[in-house]
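Each chain gets a letter, A, B and so on, in the order the sequences are listed, and its residues count up from 1. Basis for what follows: all heavy atoms, side chains included, without hydrogens, waters or symmetry-related copies. Since this is a predicted model, take the numbers as computed values, not measurements.
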2 protein chains.
Amino acid sequence: MRAHEVVLGWVEHEIAEGRILIGQRLPAERTIADQLRVSRTSVREAIRVLEAMGMVRSGVGSGPEAGTLLIADPSAPFTAAMRLHFATSHLPVDDIVQTRTLLESWAVEHADSSSPFLKSAALLLDAMDEPGLETECFLQLDAEFHVALSQAAGNVLISTMMGALRDSIEHYTLDMIGNLPDWSAMAMRLRAEHRQIYDVVLSGDPVEASALVAAHIEGYYREAGFPSYQKSAAELARPRP
Amino acid sequence: MRAHEVVLGWVEHEIAEGRILIGQRLPAERTIADQLRVSRTSVREAIRVLEAMGMVRSGVGSGPEAGTLLIADPSAPFTAAMRLHFATSHLPVDDIVQTRTLLESWAVEHADSSSPFLKSAALLLDAMDEPGLETECFLQLDAEFHVALSQAAGNVLISTMMGALRDSIEHYTLDMIGNLPDWSAMAMRLRAEHRQIYDVVLSGDPVEASALVAAHIEGYYREAGFPSYQKSAAELARPRP
DNA sequence: GGGGATATGTGGTTAGACCACAAACGTGAT
DNA sequence: ATCACGTTTGTGGTCTAACCACATATCCCC
């Protein structure tokens, strides 16, 4: 086992044992190196890996921003990999729409209407009603809302995948709104659809909720000027009407 | 921008420009360091990141196994992150079954029956018929078969997610076969079901294929001794009969 | 008490050296 | 001519030791 893998194993172990909690600092690089009898070089290689996976964040200097912090929620490792992935190879928008539709319509269909994540979703909806909200912020809240909805189904994997998609989707959406003739009208429409979806999920009508979500996603991408996206997303997700 | 990020950017650029192809070697660490005017240490940190994401593989010595090879198909970055993720936090089996069922039944439903991936799938089926095949190898081929099926739908994201799940699933399946009273009987049954699914996909009956896949996955997990898994996977994937 | 110089501790980076390994190359004996 | 064995070459793997930049904490002088 290579030296930096020893370090990775040690960190994983420390986390599993609860000796390092989220938000806490890892020991200094020199300390870890000394403790594990490896060079600081190897410790740094390990930290680069953890950083790439979104598990830690390094900062120089002193004070609360300095040192290497553990910032990983369990779903984080996904995100970084996806980000680099999408930075390298641009995925077909159709694929993204299909996948979003599949995952999200499944999620709302299996959502627990008493899930605390729905309360988060409601707060996000309120935040999106804020007048004079920056477009960028709106899109961020939009993405958050969809992730929160997905979490309500209680499937860690599905939530994780949606969370991974979120950041990547923001990139596309920002590009897309340039194609829109009237963004504020679109924002209004999105707000209304979000409310409708939320209400139906809360009222416990899985089938209707699923259909609404599919239509919502499909409509968004189509109106934002992706003519290549022909087929109905709803149909793709649920081809047997 | 930190030094190792410069290296990462350079590698991404070289890949995007087509100067480094899959299966080819990156320049030697010392060469890259020299060329980019950074230290070899920084080059190594960048390579560790790429390695963690499954994009490259490093080997010492000389010859075809040596050097740093680019092995990334577009879906690779997922895998490593997932692996570390699963190593840290054990996911509920139910979640995995649900996700597999959702992704795979969608994939076969939208499979292109003329896809070259189906030819790969056929070869894998033949390989699984090999008498005296090690259990471990069989499970590997099994996983490969499912990934190949998923690829036939032509959605990069879905294929990617399935590919990411594959390695993780192997871990569980290996544990599971210990619970089986008669592995060779199960293997026989899996072979038969695989053939059946393959035939139906090839014949172009999406609905039937989807149902078969769901039943196949569900049956496997249930028989392998996960009583916690109660609900029908087929029902989960397609709750409106 | 205030304010600026200094000490401390952090990650970021570099240079240079050695090791282990595996293939390719030479050189010798047969 | 051929084979076997040592040598060379080039690769990643590791380590030491030093310096830098940065941000806080501390101290000492005014």
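- Checking Arg2(A) against Ser62(A), the closest nucleotide of DNA chain D that is more toward the 5' end is the one next to Arg2(A).
- Within 4.0 Å of Ala28(B), counting heavy atoms only, lie sugar-phosphate atoms of the nucleic acid but no base atom.
- Remark: Asp126(B) engages Arg195(B) in a salt bridge, criterion side-chain N to carboxylate O under 4.0 Å.
- As judged by a 4.0 angstrom heavy-atom cut-off over every strand, Ala3(B) is placed among residues touching the sugar-phosphate backbone only.
- As judged by a 4.0 angstrom heavy-atom cut-off over every strand, Arg37(B) is placed among residues touching the sugar-phosphate backbone only.
- Protein atom CD1 of Ile47(B) is 8 Å distant from nucleotide atom P of dG13(D), rounded to whole Å.
- Across dC15(D), dA23(C), dG12(C), the shortest atom-to-atom separation from the side chain of Ser58(A) is found for dG12(C).
- Listed nucleotides: dG12(C), dA15(C), dG13(D). Nearest to the side chain of Arg48(B): dG13(D).
- Using a cutoff of 4.0 Å between basic side-chain nitrogens and carboxylate oxygens, Arg44(B) and Glu29(B) are scored as salt-bridged.
- Within 4.0 Å of Arg25(B), counting heavy atoms only, lies no atom of the nucleic acid at all.
- For dG11(C), the base has no donor-acceptor partner in the side chain of Arg44(A) [N/O atoms by modelled type, under 3.5 angstrom].
- Residue-to-nucleotide contacts include a donor-acceptor pair under 3.5 Å from the side chain of Arg30(B) to the base of dG12(D).
- At a cut-off of 3.5 angstrom, counting only N and O atoms as typed in the model, there is a donor on one side and an acceptor on the other between the side-chain of Arg40(A) and the base of dG12(C).
- Residue Ser42(A) is in sugar-phosphate contact alone, with no base atom involved, counting any heavy-atom pair closer than 4.0 Å across all strands shown.
- Annotation: Arg19(B), atom CZ; neighbour count of heavy atoms from other residues, nucleotides and ligands within 6.0 Å is above 12.
- Between Ser39(B) and dT14(C), a side-chain N or O to OP1/OP2 separation shorter than 4.0 Å is present.
- Taking the charged nitrogens against the carboxylate oxygens, Arg48(A) and Glu45(A) have no contact shorter than 4.0 Å, which rules out a salt bridge.
- Using a 4.0 Å heavy-atom criterion, one finds that Arg57(B) contacts no nucleic acid atom at all.
- The side chain of Thr68(A) places an N or O atom within less than 4.0 Å of a non-bridging phosphate oxygen (OP1 or OP2) of dG11(C).
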